[in-house]
Number of protein chains: 2
Amino acid sequence: MITLMRETSHTTSQFAPRVTISDLSSELGLAKGTVSRALNNYADISASTKLRVKQAAEKMGYRPLSHAQAIKTGRVRSVGLVLQNFEHDGHRPFLADFLAGISNAASQEGWTMTLAMANSEEHTRDTLARLVDERKADGFILPRTYLKDARIDSLREADVPFVLYGRTEDQAGCAWYDIDMKTAFEQAVTQLTNLGHQRIAFLPGGDGFTYSKIRYQGYVSGLTMNGLSYEASLVGKASVDQGSGYENTGQLMAAAQPPTAFICAVDQAALGVYQWASERGLQIGRDISVISYDGIPEGAMMTPPLSTFAVDNQTAGARLTELLIARIRGAAPENLRELGPATFLNRGSHGPVSPAGHMCQKTTVSN
Amino acid sequence: MITLMRETSHTTSQFAPRVTISDLSSELGLAKGTVSRALNNYADISASTKLRVKQAAEKMGYRPLSHAQAIKTGRVRSVGLVLQNFEHDGHRPFLADFLAGISNAASQEGWTMTLAMANSEEHTRDTLARLVDERKADGFILPRTYLKDARIDSLREADVPFVLYGRTEDQAGCAWYDIDMKTAFEQAVTQLTNLGHQRIAFLPGGDGFTYSKIRYQGYVSGLTMNGLSYEASLVGKASVDQGSGYENTGQLMAAAQPPTAFICAVDQAALGVYQWASERGLQIGRDISVISYDGIPEGAMMTPPLSTFAVDNQTAGARLTELLIARIRGAAPENLRELGPATFLNRGSHGPVSPAGHMCQKTTVSN
DNA sequence: ATTATGACCGAAACCGGTTTCGGCAAGTTA
DNA sequence: TAACTTGCCGAAACCGGTTTCGGTCATAAT
């Protein structure tokens with residue numbers, strides 16, 4: 001009985017009384033359509049009526065229902081985001097920041113964010129398809145882009161607006177925001193060569209990801225910028241977590257002329273370098289130098305604290321939604337491409353090349 | 001020119017052709033309303049037509065537009081979530097799991113999730129109000145509940161369905177899911193007393209949070225269950241991160257009869273205990289025992305690995321959305337309250353009370 | 001003095017669904 | 001057989017907006 005009453009009252013009075021556009025029009029003595037056009041700045045409404053309507057709307061607290069407009073306009077004023085939580089989670093610590101950036105930028109424009117998570121590539125495609133089909137979002141932010149990315153293909157084909165966090169091989173029709181990782185990794189090489197290092201190893205990121213290729217290119221470019229020659233034996237295999245970082249460190253250090261410094265595509269791999277070194281009594285920053293990328297919080301708590309390039313995921317999220325909204329409003333994707341900076345956290349994990357230690361002669365160095 | 005064409009084609013052909021309910025009705029030779037009622041299982045539609053309609057809908061790939069239905073029903077089939085990212089972020093590592101749970105459970109019912117983040121209590125209220133006002137969600141999940149929670153008050157007053165992750169002081173009209181933390185902390189005390197500990201300290205969580213009170217109650221109840229008397233001097237101040245945990249550990253260990261074991265309301269505080277001990281050459285698990293709560297990933301990487309109660313935030317998110325959807329569909333909140341288990345990770349940070357060390361005589365022990 | 005031209009607004013159609021209402025045919029009851 | 005249900009469906013109103021289409025009136029052009 002009580003239950004019944006609850007249900008009833010719930011379905012009837014549900015919310016505070018809303019003011020609709022009809023309320024506004026009858027209050028103003030204008031036609032409903034006129035009010036709508038005034039609010040949407042149509043050219044055939046006089047400036048004075050526009051002002052009057054807008055003031056009344058403000059005063060009466062009128063807020064259009066986005067789903068009511070959507071039925072005619074096809075836009076729900078929402079940015080879509082499908083996260084893949086099956087990947088190596090180097091970006092997990094930044095998730096909250098990233099989401100905060102999106103959320104804030106979206107609400108700035110009166111938009112909202114609809115979020116879904118997928119646990120496989122197929123699940124991602126299905127989820128994306130469902131959200132598109134049900135028009136739950138007007139466009140999408142695609143994080144963690146691949147060189148060849150099925151999500152991009154399907155959205156491009158369906159002509160659904162999207163923006164990439166990262167780049168991809170075929171940029172046609174793609175708007176994107178990315179971090180200038182190439183410069184960052186060039187700087188990493190420069191830092192180390194300035195400290196005397198000449199055998200600088202590189203631990204790349206996950207295969208297939210665009211970020212992985214670009215960071216690698218930055219490493220290579222940094223070598224030539226500093227007059228060092230590229231050596232394939234100094235490049236490890238994909239290292240995306242502590243375990244793989246640890247293993248690949250061991251592999252590279254077993255060489256006849258082991259590296260004196262490591263550049264890691266991701267911080268998690270750097271933790272593996274730390275582990276390998278500490279197990280052998282070697283001190284990071286003195287016996288082995290490490291510079292890495294991501295800026296995970298654990299990095300600050302290591303001994304010594306990890307020198308790394310930090311990225312501001314909150315502004316990334318914010319810029320991405322601004323770009324996406326612009327894209328949805330019709331801007332050409334070619335004009336919506338942006339590179340943000342990574343900031344170097346100059347901490348203790350890199351130092352001058354160790355005089356003793358594994359370094360012997362410098363045979364491979366040109367110049 | 002190219003730009004213009006892009007824009008044009010974008011606004012016109014935008015998506016793949018959708019099949020509407022009118023397409024269905026004309027295809028079937030039925031009235032639009034009849035089709036709608038058939039799909040929604042109205043009683044005045046014959047079973048045979050229902051079947052025919054549903055099969056045709058399936059075959060033609062018909063999916064109703066939630067915002068088109070919302071205009072009449074008032075429901076957009078979306079669960080709302082406003083995260084406060086200004087709080088101490090003990091739950092940050094679990095964010096992805098939590099969101100995945102919500103997302104999966106929601107899409108199971110054909111629902112979606114609209115997410116927003118706020119950086120102050122006021123911002124949270126505003127955001128919540130806006131989402132309610134614009135009907136962006138049919139109900140809300142409120143995480144991290146306080147004993148007195150302004151969000152609950154305003155949603156209750158506005159008669160908007162919601163469900164709590166956690167409990168609150170005034171449960172009237174509240175549906176919730178929570179972890180049985182009281183039992184967990186009782187077990188923690190029992191574990192330690194079985195190992196001979198009699199001076200067991202407690203580091204509580206953040207002030208004002210319901211979880212903090214319940215975990216404290218579990219600690220107290222565990223003491224009496226095991227014949228130990230409560231001692232106010234064994235209870236520290238709020239310790240929600242490593243820093244405060246470190247400090248409060250020092251405070252408690254400075255007593256004439258220092259504790260031999262610590263129970264921490266949150267794992268982050270336990271990290272502070274580790275730090276304090278390691279700086280003094282004391283070994284966790286031997287010289288000082290620690291049992292904690294949360295199950296953060298860092299805990300497994302400590303030496304020794306942290307004994308703690310882990311909570312499955314993915315199923316928490318899933319259950320919460322199931323409860324919320326039930327609530328929105330009219331179920332009484334009193335029937336939507338659930339307690340999930342915390343699972344003890346029996347690791348190395350607790351052990352028998354140290355024979356040497358700080359322990360002296362047992363004066364305060366009754367029995 | 002007419003006529004064409006704009007500026008400005010009302011009326012109505014429309015978007016994709018849901019829900020109410022009424023009517024018809026078949027089966028029940030009187 | 002007439003009256004009454006009942007089962008089942010069509011028609012139309014409705015939800016809260018947007019957009020198209022004319023129409024009125026004042027002003028400018030002829």
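Below, chains carry the letters A, B, ... as their sequence lines are ordered, and counting in each starts from 1.
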A:R167: partners by side chain to side chain donor-acceptor pair (under 3.5 Å), with sequence neighbours left out: A:D178

Please identify each residue that fulfils side chain to side chain donor-acceptor pair (under 3.5 Å) with A:Q171, with sequence neighbours left out. A:W176

Would you jot down, in residue-number order, the residues of residues 26-37 of chain A having a non-hydrogen atom under 4.0 Å from DNA chain D? A:K32, A:G33, A:S36, A:R37

Can you tell me if CD on A:Q108 sees more than 12 non-hydrogen neighbours from other groups inside 6.0 Å? no

Which angle, rounded to 10°, do you find between the first-five-pair axis and the last-five-pair axis of the helix from C:dA1-D:dT30 to C:dA30-D:dT1? 50°

Under the side chain to side chain donor-acceptor pair (under 3.5 Å) test, residues paired with A:E322 that sit two or more places apart: A:R319

Applying side-chain contact (heavy atoms from CB on, under 4.5 Å), can you list everything that pairs with B:D170, at least two apart in sequence or on another chain? B:R156, B:A172

In the structure I gave you, are the side-chain heavy atoms of A:L65 and A:R18 within less than 4.5 Å of one another anywhere? yes

Short heteroatom pairs, N/O only, protein and nucleotides 25-27 of chain C, under 3.5 Å:
none

Where the side chain of A:T73 is concerned, which of D:dT18, D:dG17, C:dT20 is the nearest nucleotide? D:dT18

Could you please name the option among C:dC9, D:dT19, D:dG17 that lies closest to any side-chain atom of A:I45? C:dC9

For DNA chain D, which residues of residues 63-72 of chain B approach it to below 4.0 angstrom with any heavy atom? B:I71, B:K72

With a 3.5 Å cut-off and heavy atoms only, can you find an N or O donor on one side and an acceptor on the other between the side chain of A:D44 and the base of C:dC8? no

Hey, can you pull the donor-acceptor pairs under 3.5 Å for the side chains in residues 33-40 of chain A, sequence neighbours left out?
residue	atom	partner	partner atom	Å
A:T34	OG1	A:R37	NH2	3.3
A:R37	NE	A:G33	O	3.2
A:R37	NH1	A:D44	OD2	3.1
A:N40	ND2	A:S36	O	3.2

Within residues 48-56 of chain A, the residues having a heavy atom closer than 4.0 Å to DNA chain D are none

Looking at residues at least two apart in the chain, or sitting in another chain, which of them share a side chain to side chain donor-acceptor pair (under 3.5 Å) with A:Y62? none

Any side-chain N or O of A:R77 below 4.0 angstrom from OP1/OP2 of D:dG17? no

Results of ring-ring contact (aromatic ring centres under 6.0 Å, His included) for A:F162 - residues two or more places apart only: none

Option passing side chain to side chain contact (heavy atoms under 4.5 Å, CB included) with A:I102 (candidates A:N313, A:L115, A:D97, A:T321): A:T321

State, with a plain yes or no, whether a side-chain heavy atom of A:Y177 is found less than 4.5 Å away from one of A:T315. yes

